[in-house]
**Q** 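This structure is in structure tokens; I'll ask about it shortly.
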2 protein chains.
Amino acid sequence: MVVVVEDDVFKALADPTRRRILDGLVERDGQTLFEICARLAAEGGPGLSRQAVSQHLAVLESAGLVVPRRQGRYKFHDLNTEPLERIAARWRRPDRPESAP
Amino acid sequence: MVVVVEDDVFKALADPTRRRILDGLVERDGQTLFEICARLAAEGGPGLSRQAVSQHLAVLESAGLVVPRRQGRYKFHDLNTEPLERIAARWRRPDRPESAP
DNA sequence: ACCATAGGCAAGTACCTACTTGCCTGTCAG
DNA sequence: CTGACAGGCAAGTAGGTACTTGCCTATGGT
């Protein structure tokens, strides 16, 4: 059982590179490590080694934001937006007039 | 004019103490520095000096999550949830069936 | 079988951030 | 005016985090 604490989600989102990885996964699910590496490099950001991206993915996985899916020697990564919904709802004002149901 | 980048918002949310400060402000707006200090101490968390809280508030302010309001020798802090709405919307799936326009 | 590909593990380094301590400024009460 | 209160500024320190380098495992093609 994987207990994902909100703390891990915030820590995962704190890094700009990890956020860019999520940006890439929004566009297309199931990318491999090398695909993500190539996409980051293509976007012209800072030069990143393969290991750096791998470690970022590990952080995203432990936060539950990315779900890995192994198949042969490939490991595809899928995005999971569910933790994001919760963190946004945390500080929602109960008294704010905002599209009341 | 204060240009608030998303980066600052994520960095501000990365710290658990700052999130607890936001939690306190959701319950009651317009708390002073000492009030926030007392509330954090009452919640039984880790011991925090006044300066530590002050620096946390500075980070929250530069992220636009907390808006200060000076009055005499007091400085009241109000919560601003607007940046939170944006960061949640960032990774929303376009193909997800969710209130399509 | 062999080698290339896809990825993981581990140690080391440079930087960043949270926190503390000490001192200073401005505001109200007596 | 004087002292107490609310808060800010600045330098220093300890722990964390991102990134690199080097080596290792496993799967697939030829």
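Labels below follow one simple rule: chain letters A, B, ... track the order of the sequence lines, proteins then strands, and each chain is numbered from 1. Nothing here was measured: the structure is a model prediction, and the numbers come from that model.
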**Q** Does A:Ser49 make a side-chain N or O approach to OP1 or OP2 of D:dC19 shorter than 4.0 Å?
**A**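 Negative; the distance criterion is not met.
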**Q** With the threshold set at 4.0 Å, does a side-chain nitrogen-carboxylate oxygen contact exist between A:Arg86 and A:Glu82?
**A**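 Looking at A:Arg86 and A:Glu82, the cut-off is met.
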**Q** Round to the nearest Å and state the distance from B:Phe10 atom CZ to D:dT17 atom C1'.
**A**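 That distance rounds to 18 Å.
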**Q** Can B:Glu85 and B:Arg90 be counted as an ion pair, charged N to O under 4.0 angstrom?
**A**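 Not counted as a salt bridge, because no side-chain N and carboxylate O are separated by less than 4.0 Å.
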**Q** Between A:Gln55 and A:Tyr74, who's closer to the 5' end of DNA chain D by nearest nucleotide?
**A**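 Upstream on the strand: A:Gln55.
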**Q** Given axes from five pairs at either end, by how many degrees does the helix from C:dA1-D:dT30 to C:dG30-D:dC1 bend, rounded to 10°?
**A**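 Between the first-five-pair axis and the last-five-pair axis there is 30°.
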**Q** How many Å lie between NZ on B:Lys75 and P on D:dG7, as a whole number?
**A**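 Atom NZ in B:Lys75 sits about 8 Å away from atom P in D:dG7.
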**Q** Which sits closer to the 5' end of DNA chain C, B:Gln51 or B:Val59, going by the nucleotide each is nearest to?
**A**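 Per heavy-atom nearest nucleotide, the more 5' residue is B:Val59.
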**Q** Taking CG from A:Leu48 and C1' from D:dA18, how many angstroms apart are they, rounded to a whole number?
**A**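 Atom-to-atom, A:Leu48 to D:dA18, this comes out as 10 Å.
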**Q** Rounded to the Å, how far apart are B:Arg50 CZ and D:dC9 C1'?
**A**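 After rounding, the gap between these two atoms is 11 Å.
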**Q** Is any side-chain N of the basic residue among A:Arg19 and B:Glu6 closer than 4.0 Å to the acidic one's carboxylate O?
**A**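 Salt bridge between A:Arg19 and B:Glu6, a charged N being under 4.0 Å from a carboxylate O: no.
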**Q** If you assign each of B:Phe76 and A:Ala52 to its closest nucleotide in DNA chain D, which residue comes earlier from the 5' end?
**A**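 Taking each residue's closest nucleotide, the earlier one in sequence belongs to B:Phe76.
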**Q** Taking atom P of C:dG7 as reference, at what distance in whole Å does atom CD1 of A:Ile36 sit?
**A**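 The distance from CD1 of A:Ile36 to P of C:dG7 comes to 9 Å, rounded to the nearest Å.
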**Q** Taking all non-hydrogen atoms of both residues into account, name the closest pair between A:Leu22 and A:Leu60 and its distance.
**A**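 So the minimum-distance heavy-atom pair works out to CD2-CD2, 4.0 Å.
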**Q** Does B:Ser54 make a side-chain N or O approach to OP1 or OP2 of D:dG8 shorter than 4.0 Å?
**A**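 Looking at the OP1 and OP2 atoms of D:dG8, one of them is under 4.0 Å from a side-chain N or O of B:Ser54.
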